[in-house]
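Chain identifiers are assigned alphabetically (A, B, ...) following the order of the sequence lines, protein sequences preceding nucleic acid strands; residue numbering begins at 1 within each chain.
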Amino acid sequence: MASRPPEPDDATLASRVRSGDEDALARLYDRHSEALHSLAISMVKEPADAEEVVTDAFLKLWQGGWSAERGSVGAYLHVVARSRALDLIRARKRRGRAEEGGARQEPSGFALPVSNPGPGPEEAAHRTDRRDWIGAALGQLSEAQRTAISLAYLSGMTQREIAEHLSEPLGTVKTRIRDGMHRLRDLAPTLSGGAG
Amino acid sequence: MSEPRWNEMVGAYVLGGLEADERRAFEERLHQDVELQAEVARHHEVVAGLAHALPTVQPPAGLKQRVLDAARSTPQKTPALQAMDGGADASKPTRRPASAPSLLPWFAAAAALVVAVGLGVLMQQAEDRRQVAERELATTEAAVAELETELAERDSLLATFLGPDVRTASLSATGQPPSARLFWNTSTATLLVAAFDLPPAEKGRTYQLWGIPEGENPVSLGTFQTGPDGTAVFRRQAPEGLDFQLGAVSEEPAGGSPQPTTTPILVGSWTQAQ
């Protein structure tokens, strides 16, 4: 029985995307759309806005925005999607359409238990690896560190805004974010490896 | 006033948690600090991993097709735009000059590239901003201000490389490909670099540009990667006060090295532009 050729990694697919390969774009969509959509929904809440965030991220990739110097393809897509989601959140805030009192919606936060491997054995393994790692790593942080990181990550609050939101000293918030992020970095495996 | 502890700001920076003035100062430092760039890259990977800790919400069934349809109707950027916008990559070959080219065509090409890339990037960003502004009217003023700032920066860049205080260097190994051209405005310490026929560095490796003052150790001018066609075009800010006689490119571990760890692939010295 002939063995299946190995799956091309993300960087290879992204290079093909730059040359106009729609199939390569479709495969990268299969790998990353679930995480991007979960992020977008967590941030902007509205399904139509989340769809726009995901679409924009893949269109930036299509237009050749990624290069190896920018890190992994997954990290690039994530940065683009999160940036667009923050644009929408800030625009809402400026238009006064935010929730009652003009405050940001409280982020839903991180789901620590690992579940839902998703479709396709290879993609499922890839995602489960990441879920396993990030779930375990977040479990190593204090609740206060997770809260500070979650507010910055999902709501786009600056450290000063987080301090005001939590009624905590600014220095305390800075320390929580600094120590929490360093801890996550120290616990991170080689995230850009494999298909990532 | 004491120097900020840049490494302690990386987590807040990648999360978007710095205030505007802190972010500007951090990014100025980031341009010239290879180790800080590597640390930011590691943190970006961590932040991307956070998305996998969120409650899973499957994308709508039809979204994949809508993304593909949108891509089909969206023109891809030209290789020149990709090269400048993406930092180092282009998808199609860039024509190389004949051997022993005169300076002026090189310089004119670089200046033209700056103009074309600058305008193209601005047009693309203007279009992106226009679409957002249609939905979110309140963002328009900020977007326009951002574009005006960028336009001013591009104009300034063009003026920089048309100025009288420009040195050029041709970097090569043996006079054969690969090669690179450096344009250095000594007044502003701004470098424009164009590399050709330099295959992309292997996974886990990168190219690093060095300035070598006479009788001193090399000074890093940052890392870069070439595109599939072996080209890279990018701009860098040299450390203030640095004066170096030789330019060089070596292959280094991803993230760069404090000092070269391999024999330089390309070496060349400055000549005053005529």
Side-chain angles (χ1 to χ4, degrees), chain A residues 15 18-20 22 25-26 29 33-39 41-42 51 54-55 58-59 62-72 74-75 78-79 86-87 91 94-95 108 110-111 116 127 130-131 133-135 138 149 152-153 156 158-160 174 177-178 181-182 184-185 188 191-192, chain B residues 8-12 14-19 39 41-60 63-64 66-68 70-72 74-77 79 81-82 85-91 124 132 135-139 200-201 203 206 223-225 227-228:
Chain A
S15 295
R18 271 209 302 252
S19 303
E22 292 176 17
L25 183 65
Y29 178 93
S33 60
E34 183 185 283
L36 293 180
H37 189 256
S38 300
L39 169 68
I41 280 286
S42 293
E51 188 168 320
V54 173
T55 302
F58 284 104
L59 285 184
W62 173 256
Q63 291 179 301
W66 176 82
S67 66
E69 204 174 27
R70 293 189 168 190
S72 72
H78 178 276
V79 167
L86 288 174
D87 281 347
R94 279 194 290 270
R95 290 181 60 182
S108 51
F110 300 119
N116 194 352
R127 283 203 283 264
R130 286 197 170 220
R131 282 187 178 281
W133 165 74
I134 196 68
L138 284 168
I149 290 172
Y153 179 63
T158 65
Q159 293 176 122
R160 186 177 305 281
K174 286 185 174 181
I177 288 180
R178 179 198 68 201
M181 289 299 293
H182 280 183
L184 291 177
R185 178 210 58 192
L191 291 177
S192 58
Chain B
E8 296 186 359
M9 297 168 71
V10 174
V14 298
L15 287 169
L18 297 181
E19 300 297 325
E39 188 68 2
R42 280 192 287 270
H43 275 74
H44 271 310
E45 298 291 344
V46 168
V47 172
L50 290 175
H52 294 271
L54 297 170
T56 300
V57 183
Q58 293 288 340
L63 181 55
K64 180 177 180 180
R66 288 194 286 279
V67 167
L68 294 176
R72 206 167 289 134
T74 301
Q76 293 189 294
K77 288 184 180 176
L81 284 174
Q82 289 181 7
D85 200 26
D89 46 8
S91 60
Q124 179 62 45
V132 171
R135 293 180 300 101
E136 306 291 349
L137 189 57
T139 64
K203 191 171 184 179
T206 188
T223 61
F224 67 96
Q225 177 63 288

Problem set entry | Interatomic spacing from CZ in R72(B) to CG in L25(A) - rounded to 0.5 Å | 9.5 Å
Problem set entry | Region of V14(B) that comes under 4.5 Å of a non-hydrogen atom in chain A | both
Exercise. Taking all atoms of both residues into account, what is the closest heavy-atom pair of L54(B) and L39(A), and its distance?
Worked result: CD1-CA, 3.5 Å
For this session: Using the side-chain contact (heavy atoms from CB on, under 4.5 Å) rule, take M181(A) and V46(B) through it: C-alpha gap first, then chi angles, then the decisive distance, then the call.
Result: CA-CA 8 Å; M181(A) 289 299 293; V46(B) 168; 4.3 Å; yes
Exercise. Measuring from H78(A):NE2 to L50(B):CG, what's the distance to the nearest 0.5 Å?
Worked result: 6.5 Å
Exercise. For the residue pair G49(B) and I134(A), what are the closest heavy atoms and their distance?
Worked result: O-CG1, 3.5 Å
For this session: Heavy atoms only, distances under 4.5 angstrom: which of M9(B), H44(B), E8(B) has the most pairs with chain A? Name it, please.
Result: E8(B)
Problem set entry | Closest non-hydrogen atom pair, A53(B) against L138(A) | CB-CD1, 3.4 Å
Problem set entry | Under 4.5 Å from any heavy atom of chain A - which part of T74(B) | both
Exercise. P55(B) and S42(A): which non-hydrogen atoms are nearest, and at how many Å?
Worked result: CD-OG, 4.4 Å
Problem set entry | Any donor-acceptor pair under 3.5 Å from E51(A) side chain to L63(B) backbone | no
For this session: Heavy atoms only, distances under 4.5 angstrom: which of G16(B), A71(B), A201(B) has the most pairs with chain A? Name it, please.
Result: A71(B)
For this session: Test side-chain contact (heavy atoms from CB on, under 4.5 Å) on L184(A) and H43(B) and set out the steps.
Result: CA-CA 9 Å; L184(A) 291 177; H43(B) 275 74; over 6 Å; no
Seminar exercise, completed: Bottom line for I177(A): the part with an atom under 4.5 Å from chain B's heavy atoms is side chain
Exercise. Does any donor atom in the side chain of S67(A) or Q225(B) lie under 3.5 Å from an acceptor atom in the other side chain?
Worked result: no
Problem set entry | R185(A) and E45(B): CA distance, side-chain angles, deciding distance, side-chain contact (heavy atoms from CB on, under 4.5 Å) verdict | CA-CA 9 Å; R185(A) 178 210 58 192; E45(B) 298 291 344; over 6 Å; no
For this session: List the steps and the verdict of side-chain contact (heavy atoms from CB on, under 4.5 Å) for E34(A) and T56(B).
Result: CA-CA 7 Å; E34(A) 183 185 283; T56(B) 300; 3.4 Å; yes
For this session: Compare every heavy atom of A51(B) with every heavy atom of Y153(A), then report the nearest pair and how far apart it is.
Result: OH-N, 3.1 Å
Exercise. So which of P59(B), G11(B), A12(B) has the largest heavy-atom pair count under 4.5 angstrom toward chain A?
Worked result: P59(B)
Exercise. Is it the backbone or the side chain of H37(A) that comes under 4.5 Å from a heavy atom of chain B, or both, or neither?
Worked result: both
Exercise. When you measure from the side chain of T158(A) to the backbone N and O of L18(B), does any donor-acceptor pair fall under 3.5 Å?
Worked result: no
